[in-house]
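Letters A, B, ... are given to chains in the order of the sequence lines, protein chains preceding strands, and every chain is numbered from 1.
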Amino acid sequence: MTAVLLVGFLVLMLAGVPVALAMIVASLAYVMISGTVPDFVVIHRMYGGIDSFPLLAVPFFILAGNLMNSAGITNRIYNFALALVGWLKGGLGHVNIVGSMIFAGMSGTAIADAAGLGTIEIKAMKDHGYPLDFSVGVTAASATLGPIIPPSLPFVIYGMMAGVSIGQLFLAGVIPGIVMGLFMMATVTWYAYRRNYGRDATFSWSALARTGADAFLAMMTPVILLGGMTFGVFTPTEGAIIASAYALVLGLAWYRTLNWRMLAKISMDTIETTATVLFIVAAASIFGWLLTVTRVTDAVAAWVLSFTHTPWVFLLLANVLMLVVGCFLEPVAAITLLVPILVPICQKLGIDLVHFGLVMVLNLMIGLLHPPLGTVLFVLSRTAKLSVERTTMAILPWLVPLFAALIVCTYIPEIVLWLPKHSAAMTEAVGNFFK
Amino acid sequence: MSAAPEGEEGTERVLGADGRFHVADEAVRLSVYAWEDWITLAVFWILAVVVFYQVFTRYVLNDAAGWTEEIARYLLIAVTFLGGAMAVRRSTHIQVDFVYRFIPRAAGRVMATFVDAVRIGFFGYAVWLTWLLIDRIGNQRMAVIELPIGLVFGAMLIGFALMFGRSLQVACKHWRQGYSALERPEYGDTP
């Protein structure tokens, strides 16, 4: 009976039926055959799955990210990144990473980052004589930062599905994001010395100050968001709304980089992404519910616990599973499937769910680049007009810093949990200050 | 955004000789959007105004308007289901297409046609199921506002109906052109 649910879902999904539809159609088939509940309950469950206030963070983080992704703001941020790190050996490689880190503080997805910023980063590096494989590799690697550094769409979905505070998850991503950035910059430096790359700018305080002032208001978006959440001034949902309003005022009135036609296009993009993401969340709420009531999740948990009770062994196995799932499935879809199965096991083993959330999202991000099937890999192969095989070879070395970051984050939970733990104390301090 | 002004690729440098970035915005094409997308756009911006009003009342007036939270949730549901039609028309619903890289073209055609059939079948049935749902519990009241919950289900019904219509249209198009976005992601339905 449960075979209808599981096999049905897998077959439909692999055949190319949209993931959300595969979940709903399999669930519908199960409900109709088992006859436990009337079949319109499926629709009611879908409604219930997205009837939630925290989910409002989804459209508004997407909107804020899209609003900030205009040419005017991109130029300002890259000029600043160039003044900041362009004078290092392998200059534009570092600029690529720092630029992506700043943008990661405004947007919450990886694929959009790879497609939008990636085109620009690769073109600029090509103009300055960097080999295409190096440019593609560093662009792919830095695209993974998008959802790790808050705000992050995958964290919103994970937090909702696993019942974990989204604010805590966001804060958990800050230090790992910086660690990843540093590991990648170390890799750039290694390449630069090995291949003898030059510098792309000369350092000057005046250039840094000038470009910094120019980009200041745009870079305040991540500062407002992070500061507001660290000190408990607002929730992630409110942060998303405030960031959107801020980005709108900045683009329409201050920088004047937006016009009404662009705003319409940005809104359409936002609607499209929101609809596809939330459709999956709606579908997962019926599918996940059936996985639980049919005791599939219990069976998986019992099976895993029959051969290991050690958290680190479980984390190792979970990492492997998530890496594999991550290269087949889009992150949000993967999260909605993995959470009902893996989170109960974490609870039994006493693994912190905020920590696990970060590890899961990081795995799924690496999965996006993972040869031979990662999504970012294909996006970049298309934008850089490089064959899939050559793109795979270009990205392969960049898995080293990413895996290093994954191992560090998996086995040193303090790196992930330090900021969320201390934010409570900081919130209190702010509270006392205003008293 | 594009790395260089359209047309003369390779002549314009993103990072100019002056040591500054010169990224240009891509030309906006709004003709790719259909009439229902503009309705969704209106709903989306009503949602944006409502949530902004909520944050404003909470922080500036220190008295959050209670009705805004509920209305915002319902508008988000409406945006999801109405916006779903855009995703169906442009084939941007998240799907897995890697199997298509490993099977012969003819087999891919058969499988992609099966996918179209499943989509049409499901959306059609979903319209009927949502109709049943409205019939059974559509008259219940919303929590804070004195309106029937059936209005929200109604938005879902319209969304499913639009998705049904668009999936039929897209299936015809796939049939005529001989491939779908699954088989050729680079020449998919996204214009």
Side-chain angles (χ1 to χ4, degrees), chain A residues 12-21 24-25 39-40 42-44 47 50-53 55-56 59-60 69-71 74-75 78-79 82 116 119-120 123-124 127-128 201 238 241-242 244-245 261-262 264-265 267-268 270-272 274-276 278-280 282 328-330 332-333 373 382, chain B residues 1-4 13-15 19-25 28 30 33 37 40-41 44-45 47-48 51-52 55 58 69 72-73 76-77 79-81 83-84 86-87 90 92-100 111-112 114-115 118-119 122 125-126 129-130 132-133 136 152-153 156 182 185-186:
Chain A
L12 288 170
M13 182 180 70
L14 291 179
V17 175
V19 178
L21 248 57
I24 310 168
V25 172
D39 51 5
F40 63 80
V42 169
I43 304 289
H44 194 245
Y47 154 83
I50 53 172
D51 182 24
S52 114
F53 192 69
L55 274 186
L56 277 162
F60 293 102
N69 209 347
S70 71
T74 308
N75 284 327
Y78 276 94
N79 285 334
L82 187 67
T119 321
I120 295 154
K123 179 81 171 45
D127 288 350
H128 272 230
E238 290 163 348
I241 295 158
I242 292 168
S244 293
R261 286 176 60 84
M262 282 163 74
K265 166 87 169 82
S267 310
M268 291 294 191
T270 306
I271 290 167
E272 196 167 17
T274 303
T276 52
L278 293 187
F279 216 72
I280 288 193
F328 294 94
L329 262 185
E330 193 276 343
V332 169
L373 296 167
R382 225 172 294 157
Chain B
M1 252 182 314
S2 76
R13 292 161 67 97
V14 183
L15 179 51
R20 320 197 86 197
F21 279 85
H22 299 281
V23 178
D25 279 308
V28 175
L30 294 177
Y33 297 106
D37 302 341
T40 318
L41 184 106
F44 175 76
W45 278 102
L47 167 66
V51 290
F52 187 76
V55 172
R58 185 168 113 95
E69 185 191 317
R73 282 189 280 122
L76 182 65
I77 293 168
V79 167
T80 303
F81 284 86
M86 190 198 302
R90 289 157 54 87
T92 44
H93 270 302
I94 292 155
Q95 54 199 17
V96 175
D97 57 13
F98 73 85
V99 174
Y100 288 83
M111 222 157 79
F114 165 73
V115 169
V118 171
R119 292 212 301 186
F122 170 73
Y125 194 54
L129 287 182
T130 316
L132 280 182
L133 189 65
R136 299 293 152 85
V152 186
F153 299 147
M156 291 170 67
L182 286 162
E186 65 280 26

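- Chosen from V19(A), N75(A), V17(A), the residue pairing most often with chain B at heavy-atom distances under 4.5 Å is N75(A).
- When heavy atoms are compared at a cutoff of 4.5 Å, F52(B) approaches chain A by way of both its backbone and its side chain.
- Proximity to chain A (any heavy atom under 4.5 Å) is restricted, for L182(B), to the side chain, taken from C-beta onward.
- When heavy atoms are compared at a cutoff of 4.5 Å, L82(A) approaches chain B solely by way of its side chain, counted from C-beta outward.
- For the pair L41(B) and I271(A), the minimum side-chain heavy-atom distance is below 4.5 Å.
- Most heavy-atom pairs under 4.5 Å with chain A: of the set F114(B), Y100(B), Y33(B), F44(B), this distinction falls to Y33(B).
- Counting heavy-atom pairs closer than 4.5 Å to chain A, the top-ranked of the candidates Q95(B), R73(B), E69(B) is R73(B).
- Only the side chain of I280(A) comes within contact range of chain B, judged by heavy atoms closer than 4.5 Å.
- What you find for A275(A) and G83(B) is that their closest heavy atoms are CB-C, 3.5 Å.
- Here the CE-CG distance, from M268(A) to L30(B), works out to 7.0 Å after rounding to the nearest 0.5 Å.
- Between F153(B) and Y47(A), the two ring planes are perpendicular [angle over 60°; tilted spans 30° to 60°].
- Rounded to the nearest 0.5 Å, atoms NE2 (H44(A)) and CE (M156(B)) are 8.5 Å apart.
- D97(B) does not touch chain A: none of its heavy atoms, backbone or side chain, sits under 4.5 Å away.
- Across all non-hydrogen atoms, the minimal contact from V55(B) to E238(A) is CG2-CG, 4.1 Å.
- Of all the heavy atoms in F328(A) and V96(B), the pair that sits closest is O-CG2, 3.9 Å.
- Annotation: side chain of L56(A) is in contact with side chain of L47(B) (closest heavy-atom distance under 4.5 Å).
- Side-chain contact between Y125(B) and D39(A) is present, with heavy atoms from C-beta onward closer than 4.5 Å.
- Separation of atoms CG (D25(B)) and CZ (R261(A)) is listed at 12.5 Å; rounding is to 0.5 Å.
- Looking at L55(A), both its backbone and its side chain come within 4.5 Å of chain B, counting heavy atoms on both sides.
- Heavy-atom pairs under 4.5 Å with chain A were tallied for V99(B), I77(B), L132(B); the largest tally goes to I77(B).
- Of all non-hydrogen atoms in F40(A) and L133(B), the two that sit nearest each other are CD1-CD1, 3.5 Å.
- Using a 4.5 Å heavy-atom cutoff, the side chains of L15(B) and D127(A) are not in contact.
- V51(B) touches chain A through backbone and side chain together, each having a heavy atom under 4.5 Å away.
- Looking only at side-chain heavy atoms (C-beta outward), T274(A) and L76(B) come within less than 4.5 Å of each other.
- No side-chain heavy atom of D51(A) sits less than 4.5 Å from a side-chain heavy atom of V152(B).
- With N79(A) contributing its side chain and R20(B) its backbone, the two residues share no donor-acceptor pair below 3.5 Å.
- When heavy atoms are compared at a cutoff of 4.5 Å, A112(B) does not approach chain A at all.
- Residues A87(B) and T276(A) share a closest heavy-atom pair of CB-CG2, 3.7 Å.
- Contacts of S244(A) with chain B are absent, with no heavy-atom separation under 4.5 Å from either backbone or side chain.
- Residue A201(A) does not touch chain B at all, counting heavy-atom pairs closer than 4.5 Å.
- Residue with the most contacts toward chain B among L12(A), L21(A), I24(A): L21(A) (heavy-atom pairs, distance under 4.5 Å).
- Scanning both residues, A71(A) and A24(B), for their nearest heavy atoms gives CB-C, 3.7 Å.
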Go through the steps for L278(A) and F81(B) under the test side-chain contact (heavy atoms from CB on, under 4.5 Å), then give the verdict. CA-CA 9 Å; L278(A) 293 187; F81(B) 284 86; over 6 Å; no

